[in-house]
Engineer: 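The structure is given below, and queries will be raised subsequently.
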Amino acid sequence: MTGYMDEFFDSDDSVSIHRFNAMLSEFYLKNRRPMPWRDEITPYRVVVSEIMLQQTQVPRVLKKFEEFMQIFPDFAALAQASLEDVLRVWQGLGYNRRAKYLLQIAQEIMNRWDGVVPDDPAVLQTLPGIGAATAGSIVVFAYDRPVVFIETNVRRVFIHHFFQDRGSVSDKEIYPVLNRTLDHTHPRDWYYSIMDYGTYLAGAIENPNRRSRHYAVQSKFSGSDREIRGRILKILLDEGPTAVDIIHQKIQSEKERTDRILGQMIHEGLLMRDGSLIRFLDSKDFFL
DNA sequence: ATCCCGACGA
DNA sequence: TCGTCGGGAT
């Protein structure tokens with residue numbers, strides 16, 4: 001059934017894929033980055049690290065991870081923590097919604113999954129704050145199973161090597177190549193090597209992800225709502241429940257703007273009004 | 001000043 | 001599909 005050209009391209013692919021994987025493993029042999037969630041692997045440590053790594057670079061996560069593990073050593077401990085406790089440890093990692101997602105994940109793992117992290121990406125994606133990329137990475141890194149997922153390093157490496165002279169490369173195009181390249185015998189190490197090589201590439205050449213169809217530049221932080229949200233969070237962590245007037249005073253922005261931002265944070269389930277005070281939700285306020 | 005980065009809700 | 005969400009490094 002296969003014509004001459006099909007066979008030609010198939011064998012050509014095999015060769016380039018084989019070379020690529022040989023290059024990867026050679027790179028990894030010399031440049032493997034030690035990380036606490038790689039060197040002592042448990043499903044809990046994998047879940048926590050992957051949520052932290054969603055939008056935060058490795059060096060910043062490295063500084064927080066051990067502290068987080070000391071304070072919340074397992075799902076049981078985390079599931080019983082207050083949102084305020086988790087947010088306090090989370091300080092500095094950014095995107096604070098993730099701290100709440102992580103707390104909810106721990107509660108759901110304990111109560112619905114008997115304390116066991118599901119090994120099915122589709123199931124993991126039903127948990128809050130876990131999308132396709134994180135679901136795949138959890139299954140790969142916790143259970144060493146060959147699941148295909150795309151995140152920034154995968155994207156960077158594959159665009160660089162397999163879409164050399166292309167622009168606007170979509171993830172849809174990357175999936176089939178990734179699927180054929182993935183090492184099904186040692187998927188965990190294979191993905192580790194992709195992560196390390198991708199990070200190396202980021203420093204060595206212009207970011208190939210600029211040629212991804214999904215690449216986007218984010219608005220600047222200084223003067224943004226995000227900055228004010230961060231400051232509101234810090235006030236509440238330092239002062240405890242605080243009157244809206246006091247928050248207005250400390251934030252020093254237009255009242256309407258501060259109110260709008262407070263309203264969003266309440267809407268997201270991070271904060272709540274308690275009489276005239278603003279405070280963090282108690283776990284019982286959102287417990288399943 | 002610019003760069004980076006996955007999930008979610010509209 | 002697009003806008004939003006932090007904060008540190010460079």
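Proteins come first, then strands; the chains are lettered A, B, ... in the order of their sequence lines, and each starts at number 1.
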Engineer: Under a 4.5 Å cut-off applied to non-hydrogen side-chain atoms, are V154(A) and M195(A) in contact?
Structural biologist: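 In contact.
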Engineer: Specify the residue among R226(A) and R213(A) whose closest nucleotide of DNA chain C lies further upstream toward the 5′ end.
Structural biologist: R213(A)
Engineer: Would you mind reporting whether L103(A) and Q107(A) have side-chain heavy atoms less than 4.5 Å apart?
Structural biologist: yes
Engineer: For R229(A) and dT4(C), give me the distance from atom CZ to atom P, rounded to whole Å.
Structural biologist: 12 Å
Engineer: Heavy atoms, side chains only, cut-off 4.5 Å: are W190(A) and N21(A) in contact?
Structural biologist: yes
Engineer: Quick one: does R229(A)'s side chain have a donor or acceptor within less than 3.5 Å of a partner on I261(A)'s backbone?
Structural biologist: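 Side chain of R229(A) to backbone of I261(A): no pair is present.
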Engineer: I251(A) and I232(A): which non-hydrogen atoms are nearest, and at how many Å?
Structural biologist: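 Scanning both residues, the minimum pair turns out to be CD1-CG1, 3.8 Å.
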Engineer: Counting side-chain heavy atoms from CB outward, which of dA9(C), dG7(C), dC4(B) is closest to K63(A)?
Structural biologist: dA9(C)
Engineer: Could you run through nucleotides 5-10 of chain B and give me one letter per nucleotide, 5' to 3': B if any protein heavy atom sits under 4.0 Å from the base, S if only the sugar-phosphate is that close, - if neither?
Structural biologist: BBSS-S
Engineer: Between C1' on dG3(C) and CG on D225(A), what's the gap in Å once rounded to a whole number?
Structural biologist: 12 Å
Engineer: According to a strict under-4.0 Å criterion, is K220(A) in side-chain N/O contact with OP1 or OP2 of dG8(C)?
Structural biologist: no
Engineer: From dG7(C), dC5(C), dC3(B), pick the nucleotide closest to the side chain of Q264(A)?
Structural biologist: dC5(C)
Engineer: Has K64(A) got a side-chain atom pairing as donor or acceptor with V89(A)'s backbone, closer than 3.5 angstrom?
Structural biologist: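 Flag set: sc K64(A) to bb V89(A) pair under 3.5 Å.
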